[in-house]
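The sequence lines fix the lettering, A, B, ..., with proteins before strands; numbering per chain opens at 1.
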Protein chains: 2
Amino acid sequence: MTPAATTTSGRDLPHPERAEIRLESVLHALSDPMRLQIVRELAAEDRELSCSDFVLPVTKSTTTHHFRVLRESGVVRQVYRGTAKLNGLRSDDLDALFPGLLDRILAAADRQAERA
Amino acid sequence: MTPAATTTSGRDLPHPERAEIRLESVLHALSDPMRLQIVRELAAEDRELSCSDFVLPVTKSTTTHHFRVLRESGVVRQVYRGTAKLNGLRSDDLDALFPGLLDRILAAADRQAERA
DNA sequence: GGACTCGTACGATAAACCTCGTAGTACGGC
DNA sequence: GCCGTACTACGAGGTTTATCGTACGAGTCC
């Protein structure tokens, strides 16, 4: 049973392998304001965040949808922990594939936010 | 009349000001394979290219559409020269707004192309 | 077990998007 | 003036997308 601190169990969700991640999909995932916001918050905190940590101006269904797009494009990794689902940026994979890309996009987003 | 080499005249097309360029729109513009390809070719040649210089697997109407998306998002600048329409990357504007972003995206696209 | 929380699944709707074809405009060369 | 080239405009078709609401499943705590 290997008792863990919390029930890290639960189904695991389908993620693309590192090699399957497509640049176009990543850019598309990040081109939505809601999802870009999610990724920015994830990058700001360097810990994993649960979906409910985000206060977005949309319903829960919609939030789920956006997280799935992010997961299926390879931007975030999601794991269940008990009733929550933790989200973490796949910075390592993205950086291996597209060095520096994520950083620049995040920097660009910060700049734009400041300018506003 | 100030005769120019060629008739650089013709209507000028609506472009967003530098300050109006939105990161989300840029990412969205580049998330389409056709448009990413266009931008890569534009970056490879450092001269301005006319629309007809691109051999894309779509009709001319569709090509026009993609160029408009690129123009309206602020990625390219288009000017008429006679019957042709020249396209140039707005690297200066993009770099001023989002330093290094375009380079990284292009590098990422190159990497991905090599990997394929 | 029962209630509560967190997130999913499914269906629906309206908007956006990519694609095309046809018809039309602007410019240049004969 | 006439024709060809380069690109646009408009409308249509089919797909994807973002959003919602409701109903459901998995896990935790009492």
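- Near DNA chain D, defined here as any heavy-atom distance below 4.0 Å, there are no residues from residues 67-78 of chain A.
- In this entry the distance linking CG of B:Leu86 with P of D:dA6 reads 13 Å, nearest Å.
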Can you pull every protein N or O that's under 3.5 Å from an N or O on nucleotides 19-21 of chain D?
unit_1 : atom_1 : unit_2  : atom_2 : d
D:dT19 : OP2    : A:His66 : NE2    : 2.3
D:dC20 : OP2    : A:Thr59 : N      : 2.8
D:dC20 : OP2    : A:Thr59 : OG1    : 3.2
D:dC20 : OP2    : A:Thr62 : OG1    : 2.8
D:dG21 : N7     : A:Ser61 : OG     : 3.1
D:dG21 : O6     : A:Ser61 : OG     : 3.0

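- Take A:Thr64 and apply the side-chain hydrogen bond (donor to acceptor under 3.5 Å, both in side chains) test, not counting sequence neighbours, and it matches no residue.
- Legend: residues meeting side-chain hydrogen bond (donor to acceptor under 3.5 Å, both in side chains) with B:Glu45, ordered by chain and number and at least two apart, are B:Arg47.
- A pairwise comparison of heavy atoms in B:Ala109 and B:Leu36 identifies CB-CD2, 4.2 Å as the closest pair.
- Atom CG of A:Leu27 and atom P of D:dT17 are 14 Å apart (whole Å).
- Distance, B:Tyr80 OH to C:dC27 C1': 11 Å, rounded to whole Å.
- Regarding B:Asn87, its CG atom lies at a distance of 12 Å from the C1' atom of D:dA6, rounded to whole Å.
- Remark: B:Phe98 CZ to B:Ile21 CD1 distance equals 7.0 Å, nearest 0.5 Å.
- Criterion: ILVMFWY side-chain heavy atoms under 4.5 Å apart, direct or through other members. Under it, B:Val69 and B:Leu101 are not part of a common hydrophobic cluster.
- Qualifying ring-ring contact (aromatic ring centres under 6.0 Å, His included) partners for A:Phe67, counting only residues two or more places apart in sequence or in other chains: A:Phe54.
- With sequence neighbours left out, the side-chain hydrogen bond (donor to acceptor under 3.5 Å, both in side chains) criterion links A:Thr62 to A:Thr59.
- The CG-C1' distance, from B:Leu13 to C:dT25, rounds to 14 Å in whole Å.
- Partners of B:Glu72 under the side-chain hydrogen bond (donor to acceptor under 3.5 Å, both in side chains) rule, at least two apart in sequence or in another chain, do not exist in this structure.
- Residue pairs satisfying the salt bridge (charged side-chain N to carboxylate O under 4.0 Å, His left out) criterion with at least one member in residues 90-113 of chain B, sequence neighbours excluded, are listed as follows: B:Arg18-B:Asp93, B:Arg40-B:Asp110, B:Arg77-B:Asp93, B:Arg90-B:Asp93.
- At a non-hydrogen distance threshold of 4.0 Å, nothing from residues 38-53 of chain A comes into contact with DNA chain D.
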Tabulate below the donor-acceptor pairs under 3.5 Å that side-chain atoms of residues 23-33 of chain B make, not counting sequence neighbours, or state none.
unit_1  : atom_1 : unit_2   : atom_2 : d
B:Glu24 : OE1    : A:Gln112 : NE2    : 3.0
B:Ser31 : OG     : B:His28  : O      : 2.8
B:Asp32 : OD1    : B:Met34  : N      : 2.8
B:Asp32 : OD1    : B:Arg35  : N      : 3.3

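- Applying the salt bridge (charged side-chain N to carboxylate O under 4.0 Å, His left out) rule to pairs touching residues 53-71 of chain B yields nothing, sequence neighbours excluded.
- Atom OG1 of A:Thr63 sits about 5.0 Å away from atom CG of A:Leu56, to the nearest 0.5 Å.
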For nucleotides 1-5 of chain D, print each protein N/O atom paired with a nucleotide N/O atom at under 3.5 Å, atom names and distance only.
none

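- More than 12 heavy atoms of other shown residues, nucleotides or ligands fall within 6.0 angstrom of atom CD in A:Glu20.
- We find that CZ of B:Arg35 is positioned 12 Å from C1' of C:dT19, with the value rounded to whole Å.
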